[in-house]
Structure formats: C-alpha cells, structure tokens
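Reviewing the structure listed below.
All of these numbers come straight from a predicted model, not from anything done at the bench. Here is how names work: the chains are called A, B, and so on, in the same order as the sequence lines, proteins then strands, and each is numbered from 1.
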Number of protein chains: 2
Amino acid sequence: MRSPRKWWTKLSKPRLKVVAKPTVNDIARVAGVSLATVDRVLNERPGVRSVTIKKVHAAIAELGYIRDTAAANLARRRVYNLLFVLPDTENEFVAALRTQIEEQAEKLSNDRTELSLALAAPFDAQDFVAVLDRIDPSDTDGVAVFSPETPSVRDAVKRVRDKGIAVVTLVSDLPSSERDHFVGIDNVSAGRTAAQLMGRFIRRPGKILFITGSRFARDHLERRQGFDLVMNEEFPELEVVASVEGRDDPDLIHSLLPEVFENHPNICGIYSSAAGNEGLIRFLKDNRAAEDIVVIGHELTPLSQDALRTGVFDAVISQDSGHLVRSCVRLLRATADSAPYNPAQERIRIDIYIKENMPP
Amino acid sequence: MRSPRKWWTKLSKPRLKVVAKPTVNDIARVAGVSLATVDRVLNERPGVRSVTIKKVHAAIAELGYIRDTAAANLARRRVYNLLFVLPDTENEFVAALRTQIEEQAEKLSNDRTELSLALAAPFDAQDFVAVLDRIDPSDTDGVAVFSPETPSVRDAVKRVRDKGIAVVTLVSDLPSSERDHFVGIDNVSAGRTAAQLMGRFIRRPGKILFITGSRFARDHLERRQGFDLVMNEEFPELEVVASVEGRDDPDLIHSLLPEVFENHPNICGIYSSAAGNEGLIRFLKDNRAAEDIVVIGHELTPLSQDALRTGVFDAVISQDSGHLVRSCVRLLRATADSAPYNPAQERIRIDIYIKENMPP
DNA sequence: TTGAAAGCGATACCAA
DNA sequence: TTGGTATCGCTTTCAA
C-alpha cells in the first residue's frame, strides 16, 4: 500500500523557501528599492543607475520571480489589435478561415484582443501591397497575411515589420520577407503525403492529373514539388501528365477538365492541390468514366466532406482552420510582447482525412 | 480604389454608445447600488433582496457587461489544482502524456494552475479506485483519469464528482460514470480508419492479425469493434483471424507472435490497437516472411515514427498528447468554474500518420 | 535617478 | 440587506 502522505506528485517547480510566488513587492523589499524602480528595471525603462539595475536583477534572480502577465495587462490596460489580411474569395477554405476569425474575435474581445479583417483581390499582388502599406502601427500590433508570393509583397511585409508591427504569414509562406513566423503546414510534405496515398490507393497503371491554383501561390507550387518527388521515386509506373491552372475557380476548373480527359484517356488519379473543388466534384459526378479514379483534394470543408462520404474523393489533405487562427493570435501576441511561445503547440499538422475519420 | 476610411472591418461586437467596456463600477453606478452588492449578484451570493437583484441585472443587460476573468482571478487569488491519474506503465504513449503534463505544469504554474500526477497499477481497477477515493476536494479542483473500465471504477468516479470535483476521462472513456467530459478520440472511428487504410493498402488476399491490450481497456475494445465493422462491410476477402492480448507488454507480445504466425501462415496485415509496439517491431524486423505485411499501429512515438520511416509500419493512428493534456486542463478549469468552453477546440482529432506527414 | 500613491477590474472582509 | 474599503500584482503619473 502506498504511503498516505505522498501518493501524488506536485509537478510545478518546487519553490525553495517561500510558499507564495514572489511579486514585485518582494523584489522591491529584497533589493531595497521602490516599486516604481523595480518596474523600470523590469520593463527596461530608462533613468535607472546601473548599480540599481544590478541590485534589482539580483533580487529577481534570488527570488525566482516570474511576471504575472494577467495582472500586468490589467494594469496596463493593454489591448492587442490584430489584423488578418486575406484574399477576397468565395472559396470554402477562406470562408472557413473567416468564420473562425469572426467566431474567435467574439471571444477574444473579452481577452483584450481585437481582431480585424482586411481583404485584397485574390492573386493580385499589387492589391495586397496596397493593403499592407496602409497598416498603421498606432492602431495595429500584429498582422497575419495569406497572400500570393511576389517580390513586391515580400517588400511590403518587410515595411510592415519595419514599422514595429509583428507579422506572420498564413497558409502560404513568404520566406525572406522577414515575417516573424509562418503559420501553416509544410506544403512540400503535404504534396508528398498526397502522392504516397495516391500511389498506394491506385490499383492500375495510368496517368495522374494535377490541379493547381496559380503560379504565384507558393503553397500550391510546393505541393506540386513534393508530389512529383514521391511519384518519381516510389511510383514510376504512374505518370503525372497535366497541370490545370484553375485559379481556385470552380467554373473554370469544370470547363477545363473535358479537354484534359480527351487528351489523356487513361487518367487514374487526380490531385487537386488548390481550392475550387466544387467544379471538380461536379465534373466527376457527371462522368461515369471517372468512377474508379482515385481523387485526393485539399482542405476539409462541407463540400469535400460530402465528397469523401459519397466516395468521390478518396482522401483529403487538410489543415485545421481553427488551429490556424488561434495560432496566429497566440504568435502575434507573443511576438508583440517579445514573449516566448510553445513551438509544439503552434506546429500545424498535415491532417489526412478519409471517410472514416472525418469529424461528425 | 478602396475608401481610405474603411478598408478593414473590426470584428468584435460593436458596442452601442460607450467606447470602453463596462465594469462593475459602471453597473454599480447605473443600478444605484454599491460595488459589493454588484459582486453579490454577479456571484449569486445570498443576502440580496430580489428587487435589488433585478436592478443589478437590468444594469448588466443594459450595459452589456462581460466579466473580466483575469481581473477576477487576480482578486480572488484563484488557483486551480488539477490531478492527472495515469497507469504506472513504461509504455511510450503514457510516457509522452507524462512528459506533456510535466512540461505544461511548468508553464501553467504561472497561470494559476497547479498540476499533480498520481499513478495506479496498470489494468488494476482496484488500485484506480483506491487512488480516486483518496482525492480530497479541499485541495483538488479537477481530475483527469485514464483508467480501465469496470463498474467499480465508474462508481469511484461518481464519488469523486459527488465531492464537487470536476472529472474528465482521458483516452479511454468511462461512460455512465457521469464524468464531465471525455478527452480523447472516438475509438470506434479510429478502428474504422485503420481498417479502411488496411484494406486499401493490402494488395493480396490473406488474413489479418489484431493485437489488443486488455479486455478491460475500453479504447481497445472500441477500436476492435470499428475495425471489424469496416473489414466485414468493405473487405470481405480479408479475414480477421486472431486477437493477441498483449497487455501493452512488448516482451509478452514478442513471445506470443511466433505461434500465431505458425497457426496462420497467410497473414497479410497486422493492426496493433494497443501499446507495446516495441515487441511487434522487433518481431517484424527479425522475420523476413513479414516483409510485405501491411502494419498499422497506434500513437506516434519515437519508436513508431522510426517504424514508419523504415517501412516496418505503413500507417499510425494517433492522438496528439499535447492536445490531450491542454484539453484536459481547459475543460477542468472551465468545469470547475462552470464556465463555457469551445467544443471545436476540444475535439481530439484522429490523426493519420504515414512516413511523409510525420513531424520532423 | 528615485519614490509615493493612485489606479486597472474584481473580490472579500468588516461594519452598519 | 447593504456599503465602505483594503487588496490582488503590476503599471503609471507626479513629485521630490
């Protein structure tokens, strides 16, 4: 039988002597200075002699002080103003993102965080630049941007950061734009994942059709890259033949497909790496010939869920829109305060959905 | 060109007249009562005339007041004492859970939340009951328990709740124990998912081996149930032959397998629904005959990741241990305060991992 | 360069 | 049944 005195373990770091956590008052007392001075040191405000700074730091170290952020924000009346910049499209994935942003805005406003939304013309780099250049550091602390990748957009992001605003890229990265973080999946791996599933699901030789959104969408490009890599390495008997540029437009995609199928009668797999699935699904439902084609799409939405349920899609690669938005918020707040964050929690997973593991 | 005045949208609910959010002081002023009385009404404390209560409620409604939890917790000096009850095993999944609990304990202790850990003998219902019965409501606000399912454990959980302590079940549910929430995946769906992948990956007829942990582990039972369902419905040519009860013990599993393979020479798939993968992996690596068997395991751990990487495993069904622990904490805190929570955020996903979408 | 004191929004104790 | 007021941990004037 266990000793009744210690059948559980307390997991927080055991404090040495004191029971209560040290506060600014304790520091002031130990360092022999006033509260105001402690605050100056804590927040690196000017006008403190270096001797005094040292004394305070010594006390902080001795006591193992950790700032109570909630109390600090209360006193400071701190409000985080965060802006999401998204393409102004109707597609379901962006719609899901917007829904998440709106829902969380509601709750977060009780948590000193105000969310705003700005839209730019889809695939229009200049419009994104215009939006980004309008951002005013006096009323925004952080920006999350989901944008096509061009040098001009990268420069605009850099300018936003130079104003002292935290920036994360969302879904599609803008490397070398000096954004603080990227919030999204590793799209090369996502493409690889799609290829592996495709290769293992397909049971007859044939050709693979690849559908993309735009040449400037870095996420789509990276997916293509990963997809081709695994296809070449592991499934050389399958050939990736055509790449339809659908601009995330269901009708465009729907209108382009017949010709593709005429030119390539032996298609046995389709990887749709972009949005606009509605056009693809409509085409597949109307074409008996398409019945035993393995189809893999991106982003779990009502439409793609239905496609999985009815067997039109075989798998969907996805990223959780709720997680994406929460992650942006946490990272922007942390960056704005130069506070630490939990990388494990912010890693966005490459979700694989088949009909049996879909959420209800 | 957009109007420079409204190129973005503020998303929080727009307040009517006031700029600042209303506080208790505003309520007191509008209702014409004191701060203390507002507090009494807000926290449903006794000793207020119903007329007064009505006045205060009217003011609250008029102003659209929302309590500032951070400030409340500060004033209240509220500390959440949460206890995790886990089986005292060495297996990697439980180890990951423990690591997560320990890591988060560190951070959460700066957030007025203290985590503790209690261990019970694995698969030993009586020991779980003993641990649960020891829990003292004066020093714990919530309990997360990962336990086998027996009537006695269910009753013990009920007793814990009757003491006014919030309870969530973790990984393996105890329905009808009146726990407040279940934190984990839908294990029937997990089994279905494994079966679908298994069926689509296998390329030759043969038999399937099912490995479980214990008859009392509800999670394993549910996985079996889901697995059989899909196998029967969609892959009748594959027969699920044997069920090895491995008690999550690598050595036991390793020692049981040779006989199974002798009795069933035509095994083409293995679904390991429990822990103890190390024994299975060792066996598979040593047996050339096992080379083209499709193997699906549970829980992404260093071992199973390695098995995916080397092709010993074809897929892993998993649940994110970090998410599990965070979810327990959020739900226990919310339940302890009878505060609302976000169901979407607490839904634990059935993660599918193949070698291409593993985290690095 | 420093300190005293008044908040931030909410709770809680003591009187009335 | 009520109200006054100190307090939580931290920030921020305003004076000294």
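Scored by the ring-ring contact (aromatic ring centres under 6.0 Å, His included) test, H323(A) finds no partners at all (sequence neighbours excluded). Applying the salt bridge (Lys or Arg N to Asp or Glu O under 4.0 Å) test to D337(B) and every residue at least two apart in sequence or in another chain returns R78(B). When the salt bridge (Lys or Arg N to Asp or Glu O under 4.0 Å) test is applied to D133(B), the partners found at least two apart in sequence or on another chain are R159(B).
Helix bend of the helix from dT1(C)-dA16(D) to dA16(C)-dT1(D): the angle between its two end axes, each built from five pairs, comes to 40° after rounding to 10°.
If you check every strand for non-hydrogen atoms under 4.0 Å, V33(B) touches sugar and phosphate atoms only.
Electrostatic pairing of R112(B) and D68(A) counts as a salt bridge here, judged by a charged N lying under 4.0 Å from a carboxylate O. With respect to the salt-bridge test (charged N to carboxylate O, under 4.0 angstrom), the residues K21(A) and D26(A) do not qualify. By the 4.0 Å N-to-carboxylate-O rule, D320(B) lies too far from R347(A) to be salt-bridged with it. We find that R179(B) and D173(B) are joined by a salt bridge, their nearest charged nitrogen and carboxylate oxygen being less than 4.0 Å apart.
For the pairing with V329(B), the side-chain contact (heavy atoms from CB on, under 4.5 Å) check across D111(B), L82(B), V183(B), L324(B) returns one residue only, L82(B).
Minimum heavy-atom separation, V56(B) to V38(B): CG1-CA, 4.4 Å.
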Given protein heavy atoms under 4.0 Å, the one-letter contact record of nucleotides 9-16 of chain C, with B base, S sugar-phosphate only and - none, is simply BBBB----
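Using a 4.0 Å cutoff to heavy atoms of chain A, the contacted part of DNA chain D runs 5' to 3' from dG9(D) to dT12(D).
The shortest distance between side-chain heavy atoms of L42(A) and Y65(A) falls below 4.5 Å.
What separates CZ of R29(A) from C1' of dG3(C) is a distance of 17 Å, to the nearest Å.
Look at T52(A) and you won't find any side-chain N or O under 4.0 angstrom from OP1 or OP2 of dT1(C).
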